[in-house]
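What follows is one structure encoded as structure tokens, with my remarks underneath.
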Amino acid sequence: MKAERTGTVKSKIKRGDQVVFIAGKEYNRYDSAGKRQPFRGRVIAVDARRGKVKVEGAMLVKRHRKPVPQLNQQGGIIEQEAWVDVSNIAVIDPETGKPTRIKIEERDGKRVRVAKSGKVIPEPNVFGKKEVKKDKEEEAE
């Protein structure tokens, strides 16, 4: 079994990124014409320590859950996403729409994620972050 990493672990894949499967069960999805179309989706959770992610609508598993009346929780068979290894997915390049690797560069004093094409991959707006408002003096200039 692989040992879990300790300390601060950074992942190049963030929650909210658009990804495509490059290996595994979801890579071998076929459309109605019989052509292979690897699954594309949005990352909903990242576990950097274990090197796993959850992708919306992919790797669906069924869980049998007992009802818990004290917590007002219904029972039954629930479909949910399973964890997928980060080696099975790749971020979609915003310029070409194809799978790409990511490197981290420093541009204009900020650390940004850059695709192979050289295009900056924007930070996903998952939490509804608002732009930092500048001072009135800076806006006047």
Side-chain angles (χ1 to χ4, degrees), residues 1-68 70-141:
M1 191 171 132
K2 197 173 180 181
E4 205 171 272
R5 290 181 267 177
T6 58
T8 304
V9 181
K10 296 235 176 182
S11 175
K12 291 180 182 176
I13 296 174
K14 308 271 186 220
R15 195 169 107 188
D17 279 342
Q18 290 293 327
V19 295
V20 62
F21 278 79
I22 56 171
K25 185 173 94 172
E26 298 295 332
Y27 176 68
N28 290 319
R29 279 198 173 187
Y30 291 90
D31 60 8
S32 58
K35 190 176 178 194
R36 189 183 77 235
Q37 286 289 43
F39 186 82
R40 289 173 176 245
R42 197 167 52 88
V43 175
I44 55 174
V46 177
D47 185 355
R49 284 182 185 267
R50 294 188 321 164
K52 307 263 184 190
V53 295
K54 281 187 182 181
V55 180
E56 194 172 44
M59 296 291 287
L60 292 174
V61 293
K62 292 184 177 184
R63 297 275 184 237
H64 295 255
R65 188 163 66 186
K66 278 189 172 183
V68 182
Q70 293 91 338
L71 299 175
N72 203 13
Q73 205 175 61
Q74 279 190 324
I77 301 170
I78 296 153
E79 271 198 358
Q80 64 186 43
E81 291 88 1
W83 290 101
V84 181
D85 203 85
V86 291
S87 64
N88 291 350
I89 62 169
V91 175
I92 296 173
D93 191 333
E95 194 172 277
T96 62
K98 293 184 177 179
T100 185
R101 291 187 185 162
I102 297 175
K103 62 181 175 181
I104 297 172
E105 288 183 357
E106 197 161 310
R107 293 190 180 177
D108 301 328
K110 290 185 179 179
R111 290 176 53 128
V112 291
R113 299 182 305 157
V114 180
K116 284 264 188 177
S117 62
K119 180 105 169 145
V120 174
I121 297 173
E123 286 291 321
N125 191 6
V126 189
F127 300 108
K129 292 180 189 173
K130 294 180 181 173
E131 298 248 347
V132 179
K133 291 186 178 180
K134 297 178 182 175
D135 292 339
K136 290 180 181 179
E137 299 168 10
E138 292 178 17
E139 289 178 6
E141 290 177 8

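The first residue of the sequence shown is numbered 1, and numbering continues consecutively from there. Treat the numbers as computed from the prediction; the structure is a model and nothing was measured.
With rounding to the nearest 0.5 Å, the separation of NZ in K10 from CD1 in I104 is 7.5 Å.
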Subject >> Worked check of salt bridge (Lys or Arg N to Asp or Glu O under 4.0 Å) between E81 and K54 >> reply: CA-CA 6 Å; E81 291 88 1; K54 281 187 182 181; over 6 Å; no
Subject >> Evaluation steps, salt bridge (Lys or Arg N to Asp or Glu O under 4.0 Å), between R113 and E105 >> reply: CA-CA 6 Å; R113 299 182 305 157; E105 288 183 357; over 6 Å; no
**OP:** In sequence, state the C-alpha distance, the side-chain angles, and the governing distance for K14 and D17, and then conclude on salt bridge (Lys or Arg N to Asp or Glu O under 4.0 Å).
**Re:** CA-CA 6 Å; K14 308 271 186 220; D17 279 342; over 6 Å; no
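Under the side-chain hydrogen bond (donor to acceptor under 3.5 Å, both in side chains) criterion, R15 pairs with no residue, sequence neighbours left out.
Sorted by first and then second residue, the side-chain hydrogen bond (donor to acceptor under 3.5 Å, both in side chains) pairs with a member in residues 30-41 read Y27-R36; sequence neighbours excluded.
When side chains are defined from C-beta on, F21 counts as touching V55, because their heavy atoms get closer than 4.5 Å.
Within 6.0 Å of CZ on R63 lie no more than 12 heavy atoms contributed by other residues, nucleotides or ligands. No more than 12 heavy atoms of other residues, nucleotides or ligands shown are found within 6.0 angstrom of CZ on R101. Counting heavy-atom neighbours within 6.0 Å of Q74 CD, excluding the residue itself, gives a total of 12 or less.
Taking both residues in full, the closest heavy atoms of M59 and E26 are given as N-OE2, 3.0 Å, listed atom of the first, atom of the second, then distance.
For the side chain to side chain contact (heavy atoms under 4.5 Å, CB included) with P99, the qualifying choice from I92, V19, V20 is V20, the only one to do so.
Both tests do not hold together for K52 against W83: distance to the six-membered ring centre under 6.0 Å, angle to the ring axis within 45°.
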